[in-house]
Amino acid sequence: MHKIVSRRVLGQRVVELEVEAPAMSKKAQAGQFFILRIDETGERIPLTFAGWDPEAGTIMMAFLPIGKTTNHLASLKVGDSIRDIAGPMGEPTHLEKYGHVVFLGGGVGTAEALPVARALRQAGNKVTVIQGARNEDLLMYEDELAAESDQLLIATDDGSKGYHGFGLDLLMKMIEDGEQIDMVHTIGPAIMMKMTAEKTRPHGIHTVASLNPIMMDGTGMCGACRVMVDGETKFGCVDGPEFDAHKVDWDLLMIRQTTYKPEEEASNERFKKIQEKGCECEPASDPDSKVKEVAGN
Amino acid sequence: MSDVSNNGGAAKPKPSKLNPNVVPMPEQDAKVRAGNFDEVPTGYTMEMAQEEASRCLQCKNEPCRPGCPVEVPIKDFIGLLRDGDPIAAANKIKETNNLPAICGRVCPQEEQCQAPCVVGKKGDPVSIGALERFVADYQRDHGDHDAAIELPESTGKKVAIIGAGPAGLTAAADLAMIGHSVTVYEALHAPGGVLAYGIPRFRLPQAVVDSEVEMIKKLGVNIEYNAVIGKLFTIDELVDELGFDACFIGTGAGLPAFANIPGENLNGVYSANELLTRVNLMKAYQFPEFDTPIKPHNKVVVLGAGNTAMDCARTSLRLGAEVTLVYRRSEAEMTARIDELHHAKEEGVDFQLLTNPVEVIGEDGWVKAVKVQKMELGEPDDSGRRRPVPIPDSEYEIEADAFVVAIGTSVNPLVPNSTKNLDLNKWGYILADPSTGATSKPGVYAGGDIVTGAATVITAMGAGKDAAVAINRYLGGPEPEVAEPEEEVGTA
Ligand SMILES: Cc1cc2nc3c(=O)[nH]c(=O)nc-3n(C[C@H](O)[C@H](O)[C@H](O)COP(=O)(O)OP(=O)(O)OC[C@H]3O[C@@H](n4cnc5c(N)ncnc54)[C@H](O)[C@@H]3O)c2cc1C
Ligand SMILES: Cc1cc2nc3c(=O)[nH]c(=O)nc-3n(C[C@H](O)[C@H](O)[C@H](O)COP(=O)(O)OP(=O)(O)OC[C@H]3O[C@@H](n4cnc5c(N)ncnc54)[C@H](O)[C@@H]3O)c2cc1C
Ligand code: FES
């Protein structure tokens, strides 16, 4: 069990939870993720480490409530517990001194920006963070990112804050202005990452994308997370989540992400109804669950 | 104890005329069961079990016993059962096998203990598996399992077990029984390995797995879930930093293989592991009460010929689909347990053998059909089996909206690749001494599918047992007491 020790709303909608996970907090690295299951009937979903604190023995997550599981997660309060968290999963961000790195985060993808920007900077890079969101309400970690990067640029689709347009437009402008860019690290909706890859390709800028296929175990056991990179099948959870954006089969990723759309919608509707009725939607704690958490100890 | 009271007649202890036919185990009707996830064979009654037990000739030389990878004292347990003491019979099995309710259900008895059965020379062999299942279930339902287990004195030694599959759980139980402090690290949120995520509930009910795991926990074994070794801790850290005196690696062969044909990443193509894990571990068949979804498919093509393929086919049937199973060789080469093959046929799986898929055809990103090719058997290959060769111009399409690939698994490199000085074979499996599980790294042992490649529950358990003996020796622990006059338990 992983107790929630703090809960914040970033901007207006993104929820940040800090939960106890002592062992994991000492192992997490930038770009990695974990898999959680809220309770006995829950599904396993992947979330990026938004941060970790080895001293406090906690990890941070930031997410937008969009479906059943993220809505359920958002409804939890300080003192509540998450039943299972497994990680760290995936390969960490590859770190080297590139020169000038642009981190382009779209939507809730910016959740991983802080640790990744920090690590890239520690590796000796100049780091520009571009945070794009639909509107001002969905922005997150502005102060922290301003402090952890050399430059923070904001773009909103509706112009409610910062540049009026896409984060990718800002990146293109930098390229057109002849700014030296040695690497682009992008994370966000697949369509945004695809477009980013298409725009940086002609300029020969090495571009890495953190992919978000549907996952289940996160250990390489099921293959639900299959992606195609350079014509080869890879498992997003263990081979990734970061891949060379110029080699990713983006259309495949986008199609595979929609596999369970009707089921996800039904599940979310059902959850909302149960919540509105205010009934105890979760079975009382499972009597024979003597689960001892490694990370919860 | 009372005699065999079969057939209502006045049974005599003398071997009356031996019934050449096995006492059949009652089953759910094929049509009914194809629509539920309840167990298919419903089990013997006491009368049936005793009648079947009385078919055993109690051969002095016990030809059946060496057929069992852990050498269960088969003659003795059947004798105890025949004499009316199923609990003593269950305890007899447990002298060499901690998981009889599981083995009784999933072992390939027809190739193991039942193959050398003398009764089988003229008629059906004694149904040893069914009897094993009966006594284990009887003990679970009526038994003395609440009786306090005498925990041995602690040796002060700590052993880490990686993976809570049959290999790991067996090693854990045996080491705990000697008095070592045992922690099992399991990557998933539940114990059992393939028993939990792979083998379906209609073959192995959850309660059976749970109660066997409960027994192991009662021995003082601590199971830490969500602990992915290689990520959360490495083996080296377990030894150097967490103070474990020895480790046993039983992480299985969990990486799914695909057929490497075009179209395999379409929506609706699953590895066997994905389909089975969604359904068994995540309970997707109870969606939306359980959050994990599974698509309601209409026509499923399953590729494969082993237990896994049968499990996928029968699971898909239960989810409401029509199922076709394709395999490039013939029935004689299929590796599934004979029961599973029969059950799959009875339930209505359409077997298209000597048929090999060459492409998954899609439409808008989803599976639409599977293109297959007819095969014929040619010259024997390296494995001695006749090699299937394609028949020219024999391709045709099977309409389908899902394709499940059940052609085996390979090693998951997480542990092997994160452990220093651990020798691997060319496929990445851990090199370990077949009789002790010792690896190239002192104090680190391995067994089960991670060493042998995909095999069976009982061989994984046997490896766990052998390694427990070796680990205990390595730790200088007390030699375990042997209740019976010592019998030579070799390592086959
Ligand atoms: C490596 C990785 C890191 C991620 N990090 C974050 C993060 O830090 N913050 C965040 O808000 N989101 C993150 N996501 C996405 C997040 O996992 C999904 O949004 C989440 O599973 C949605 O669940 P839901 O029930 O709330 O929504 P649903 O209604 O079930 O789904 C909404 C969308 O999420 C995707 N999704 C659904 N189930 C899964 C699943 N099991 N695995 C992956 N994607 C799924 C689908 O594409 C779907 O369109 C990450 C995904 C991956 C693969
Ligand atoms: C669908 C299916 C049906 C089968 N049917 C039969 C049958 O009828 N009869 C039969 O005898 N055999 C059957 N088998 C084969 C049998 O299940 C396996 O041979 C046996 O389970 C192997 O046991 P194991 O302990 O070596 O590994 P597994 O059962 O695979 O267990 C390994 C465990 O280790 C965990 N693990 C993996 N990596 C890590 C890590 N890095 N850190 C921590 N934990 C980790 C896994 O999550 C898993 O719980 C079947 C297999 C499958 C897939
Ligand atoms: S999520 Fe199962 S293999 Fe990647």
Side-chain angles (χ1 to χ4, degrees), chain A residues 2 23-24 26-27 32 34-45 68-69 72 83-90 216-224 226-228 233 235 238 249 251-252 254-256 258-260 262-264 266-267 269-271 288 290-297, chain B residues 183 185-190 197 210 214 217 222-228 230-233 237 251-252 254-258 260 264-278 281-284 286-296 362 364-366 405 409 412-414:
Chain A
H2 301 261
M24 224 180 300
K26 293 174 183 63
K27 280 303 167 72
Q32 287 185 304
F34 53 85
I35 300 256
L36 68 75
R37 189 176 73 131
I38 299 177
D39 57 23
E40 196 51 46
T41 58
E43 64 178 338
R44 297 168 64 101
I45 67 154
K68 154 77 210 322
T69 304
H72 188 177
R83 186 176 171 131
D84 301 296
I85 305 185
M89 305 290 199
M216 184 162 53
D217 58 294
T219 67
M221 181 265 270
C222 77
R226 311 203 285 296
V227 292
M228 288 273 269
T233 296
F235 285 8
V238 285
D249 182 338
D251 297 337
L252 178 75
M254 285 186 274
I255 287 173
R256 287 189 63 81
T258 64
T259 307
Y260 295 101
E263 288 80 12
E264 285 157 0
S267 186
E269 282 310 308
R270 181 173 178 275
F271 179 71
D288 50 22
K290 294 173 196 122
V291 180
K292 288 205 192 122
E293 260 321 316
V294 162
N297 284 340
Chain B
T183 301
Y185 291 97
E186 168 53 50
L188 295 172
H189 58 254
Y197 73 74
D210 288 351
E214 245 354 273
K217 285 194 194 153
N222 172 34
I223 308 183
E224 304 274 16
Y225 297 106
N226 304 310
V228 184
K231 290 288 185 184
L232 190 62
F233 307 113
E237 285 166 343
T251 49
L255 215 69
F258 285 89
N260 288 321
E264 250 183 334
N265 292 327
L266 288 162
N267 280 355
V269 180
Y270 306 91
S271 73
N273 276 358
E274 180 180 358
L275 175 80
L276 294 171
T277 304
R278 280 186 183 275
L281 182 69
M282 305 309 297
K283 311 240 178 330
Q286 295 180 50
F287 180 84
E289 280 76 36
F290 283 73
D291 292 343
T292 304
I294 185 107
K295 297 304 283 185
D364 303 328
W366 287 84
V405 185
T409 51
N412 186 326
L414 275 181

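Chain A is the first sequence line, chain B the second, and so forth, proteins listed ahead of strands; every chain is numbered from 1.
At least one donor-acceptor pair under 3.5 Å links the side chain of A:D217 to the backbone N or O of A:G220. A donor-acceptor pair under 3.5 Å is absent between the side-chain atoms of B:E224 and the main chain of B:Y185, judged by distance alone.
Heavy-atom distances place the side chain of A:M216, and not its backbone, under 4.5 Å from chain B. The parts of B:K231 that come within reach of chain A are both its backbone and its side chain, each placing non-hydrogen atoms under 4.5 angstrom from that chain. Only the side chain of A:F235 comes within contact range of chain B, with at least one heavy atom under 4.5 Å from a heavy atom of that chain. With a 4.5 Å cut-off on non-hydrogen atoms, B:I294 touches chain A through its backbone but not through its side chain. Within the 4.5 angstrom heavy-atom criterion, no atom of B:L276 approaches chain A. The part of B:L414 that comes within reach of chain A is its side chain, from C-beta onward, which places non-hydrogen atoms under 4.5 angstrom from that chain. Proximity to chain B involves both the backbone and the side chain of A:R256, based on heavy atoms less than 4.5 angstrom apart. Contact annotation for B:N265: both backbone and side-chain heavy atoms come within less than 4.5 Å of a heavy atom of chain A.
Contact check for B:S271 versus B:E264: no side-chain heavy atoms found under the 4.5 Å cut-off. Contact of the A:I85 side chain with the B:N226 side chain is not registered, since no non-hydrogen atoms from C-beta on lie closer than 4.5 Å. Side-chain contact check for A:T219 versus A:M89: some heavy-atom pair is nearer than 4.5 Å.
With respect to chain B, the highest number of heavy-atom pairs below 4.5 Å among A:G218, A:P88, A:P262 belongs to A:P88. For the options B:G252, B:G365, B:P256, heavy-atom pairs under 4.5 Å to chain A are most numerous at B:P256. The most heavy-atom pairs under 4.5 Å with chain A, out of B:A284, B:P288, B:G230, B:P296, come from B:P288. Options A:R37, A:M221, A:M228, A:E43 differ in how many heavy-atom pairs under 4.5 Å they form with chain B, and the most are formed by A:M221.
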For this session: Start with the C-alpha distance between A:S267 and B:F287, add both sets of side-chain angles, then the distance that settles side-chain contact (heavy atoms from CB on, under 4.5 Å), and finish with yes or no.
Result: CA-CA 8 Å; A:S267 186; B:F287 180 84; 4.0 Å; yes
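Between A:K27 and B:E237 there is a salt bridge, since at least one side-chain N of the basic residue sits less than 4.0 Å from a carboxylate O of the acidic one.
A side-chain donor from one of A:R44 and B:H189 sits under 3.5 Å from a side-chain acceptor of the other.
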